[in-house]
Amino acid sequence: MSAIDSLPPLREVIATHGLSARKALGQNFLLDLNLTSKIARQAGDLTSCDVLEVGPGPGGLTRGLLAEGARRVVAVEKDARCLPALAEIAAAYPGRLEVLNADALAVDWAAHLTPPIKVVSNLPYNVGTELLVRWLTPPAWPPLWQSLTLMFQREVAERIVAPPGSKAYGRLAVLAQWRCDVRIAMTLPPEAFTPPPKVRSAVVHLQALPAPRFAADPGVLERVVAKAFNQRRKMLRAALKGLTPDIEDRIVAAGLSPTDRAEQVPIEGFCALARAVAG
Ligand code: SAM
């Protein structure tokens with residue numbers, strides 16, 4: 001491991017500040033600063049961007065982002081035990097790191113950032129999907145952020161990039177690919193983390209499109225897709241029963257068949273269905 005800044009190695013930081021990992025907070029730390037710089041680079045040029053980082057922990061990825069030249073980093077961390085370690089990083093990069101001791105699900109992060117904004121995070125597994133869905137479903141598009149570069153369990157990453165017809169295709173694939181270009185940028189073995197999680201991890205890069213691929217109301221699309229995939233093996237007419245009283249007519253109006261199954265319906269089909277349901 002080679003140092004990317006003048007701060008102490010992360011193992012020393014963890015020992016000094018007593019940062020034993022807590023499972024309830026999804027704490028699996030990255031301690032190799034070469035690796036955290038590599039993750040930061042997956043987000044592209046950061047020098048003219050503010051970066052939102054959720055869950056900096058002891059600050060490995062935060063240091064990677066700052067070393068890679070991020071204009072400013074706003075880091076939202078729920079665990080107050082991490083604050084002294086993060087304060088040391090803030091002191092080493094004057095004026096470039098703001099730490100918010102808050103729950104990422106509750107904080108108004110946009111108030112602390114100036115566009116252009118990129119989101120780069122090694123997300124806590126317990127709130128990762130919820131945060132992703134929120135970032136993907138603002139009422140207006142393009143969103144406040146340009147791109148999301150996010151570490152997930154590999155299985156979740158595969159659900160985000162899954163094509164129609166595949167086993168992993170579902171709500172996350174439709175919501176993500178409707179409004180973004182998506183790709184898996186890196187995969188990481190459990191040993192990359194301290195403590196090692198049970199599963200492999202992957203970094204997904206989502207680049208916001210200037211406009212969604214097909215017209216649809218985000219709230220209606222989210223409801224339709226959630227219901228359709230809640231019973232993914234059922235035909236649409238059964239899975240969507242109760243969404244509207246005349247759901248079969250609306251499925252047909254969208255150019256789909258009531259006997260189609262959700263996993264075969266492409267994103268364009270779900271958008272047509274959302275328009276038919278809204279209409
Ligand atoms: N970024 C660090 C790294 O890569 O080593 C830590 C990543 S660890 C997977 C997730 C971090 O998110 C932990 O530091 C944890 O305390 C924090 N966290 C968990 N739930 C959170 C929440 N609701 N809001 C903000 N941070 C949270």
Side-chain angles (χ1 to χ4, degrees), residues 1 4-5 7-15 17-43 51-68 70 73-90 97-110 112-113 118-135 148-157 185-204:
M1 185 170 96
I4 54 165
D5 53 36
L7 290 156
L10 279 158
R11 278 190 199 285
E12 203 176 304
V13 172
I14 284 179
H17 299 289
L19 299 178
S20 51
R22 291 196 178 151
K23 213 174 166 186
L25 285 167
Q27 292 183 335
N28 299 99
F29 300 134
L30 290 166
L31 304 186
D32 178 346
L33 293 170
N34 289 318
L35 186 57
T36 61
S37 276
K38 191 173 170 191
I39 295 167
R41 285 197 294 276
Q42 305 306 317
V51 176
L52 171 66
E53 185 194 0
V54 170
L61 181 55
T62 320
R63 285 163 65 170
L65 292 165
L66 290 163
E68 290 302 318
V73 175
V74 172
V76 182
E77 175 55 62
K78 194 171 172 182
D79 185 355
R81 294 181 309 153
C82 299
L83 299 182
L86 295 167
E88 286 172 11
I89 304 173
L97 173 61
E98 181 180 351
V99 179
L100 307 176
N101 183 202
D103 183 338
L105 292 172
V107 77
D108 177 14
W109 54 267
H112 296 264
L113 292 150
K118 291 185 176 181
V119 181
V120 186
S121 301
N122 174 12
L123 290 174
Y125 72 94
N126 46 344
V127 292
T129 310
E130 168 72 25
L131 284 168
L132 174 65
V133 170
R134 288 190 192 188
W135 286 325
L148 309 172
T149 307
L150 306 172
M151 176 97 68
F152 288 102
Q153 296 170 35
R154 187 167 174 171
E155 184 212 317
V156 177
M186 281 170 72
T187 58
L188 288 90
E191 312 81 75
F193 301 85
T194 303
K198 288 204 172 63
V199 292
R200 289 179 68 82
S201 302
V203 176
V204 188

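One-based numbering, in listed order, for ligands and for the atoms of each.
- Here Asn28 has backbone heavy atoms under 4.0 Å from ligand 1, and that is the only part of it that gets that close.
- A donor atom on one side chain and an acceptor atom on the other are not found under 3.5 Å apart for Gln42 and Thr149.
- Side-chain contact check for Glu88 and His17: at least one donor-acceptor pair (N or O, by modelled atom type) lies under 3.5 Å.
- To the nearest 0.5 angstrom, Thr36 atom OG1 is 7.0 Å from Asp32 atom CG.
- Proximity to Val76 (heavy-atom distance under 4.0 Å) selects the following atoms of ligand 1: 25 (C), 26 (N).
- Nearest to atom 16 (O) of ligand 1 among the protein's heavy atoms is Glu77 OE2, 2.6 Å.
- Among protein heavy atoms, the minimum distance from atom 23 (N) of ligand 1 is reached at Asp103 OD1, 2.9 Å.
- At the shortest separation from atom 12 (O) of ligand 1 among protein heavy atoms lies Gly55 CA, 3.2 Å.
- To the nearest 0.5 Å, atoms CG (Asp103) and CG (Asp79) are separated by 12.0 Å.
- Distances below 4.0 Å separate heavy atoms of Leu30 from the following atoms of ligand 1: 3 (C), 4 (O), 5 (O).
- Taking every non-hydrogen atom of Gly57 and a distance limit under 4.0 Å, the qualifying atoms of ligand 1 come out as 14 (O).
- Proximity to Asp79 (heavy-atom distance under 4.0 Å) selects the following atoms of ligand 1: 16 (O).
- Distance from atom 4 (O) of ligand 1 to its nearest protein heavy atom, with residue and atom name: Asn122 ND2, 2.7 Å.
- Atom CD1 in Ile14 sits 4.5 Å away from atom CG in Leu31 (nearest 0.5 Å).
- When each of Asn101, Leu100, Leu52 is checked for a side-chain contact (heavy atoms from CB on, under 4.5 Å) with Val107, only Leu100 meets the rule.
- Rounding to the nearest 0.5 Å gives a distance of 7.5 Å between CG of Leu25 and CZ of Arg81.
- Residue contacts with ligand 1 for Pro56 involve N, CA, C or O but no side-chain atom from C-beta outward (heavy atoms, distance under 4.0 Å).
- Looking only at heavy atoms of the protein, atom 19 (C) of ligand 1 is closest to Leu25 O, 3.2 Å.
- Put simply, SG on Cys82 and CD on Gln27 are 5.5 Å apart, with the number rounded to the nearest 0.5 Å.
- Residue contacts with ligand 1 do not include Met151, since none of its heavy atoms lies under 4.0 Å from the ligand.
- Of the protein's non-hydrogen atoms, Gly26 O, 3.1 Å is the one closest to atom 9 (C) of ligand 1.
- Between Asn122 and Glu53 the shortest side-chain heavy-atom distance does not fall below 4.5 Å.
- Within the set Lys78, Glu53, Gln27, the minimum heavy-atom distance to atom 21 (C) of ligand 1 is found for Lys78.
- Between Ala85 and Pro58 the shortest heavy-atom distance is CB-O, 4.1 Å.
- Of all the atoms in ligand 1, the ones that sit under 4.0 Å from a non-hydrogen atom of Ala102 are 24 (N), 25 (C).
- Using 4.0 Å as the threshold, Leu105 has no heavy atom nearer than that to any atom of ligand 1.
- The protein heavy-atom contact nearest to atom 20 (N) of ligand 1 is Pro124 CG, 3.6 Å.
- Looking only at heavy atoms of the protein, atom 24 (N) of ligand 1 is closest to Ala104 N, 2.9 Å.
- Here the straight-line distance linking atom CH2 of Trp135 with atom OG of Ser121 works out to 5.0 Å at 0.5 Å rounding.
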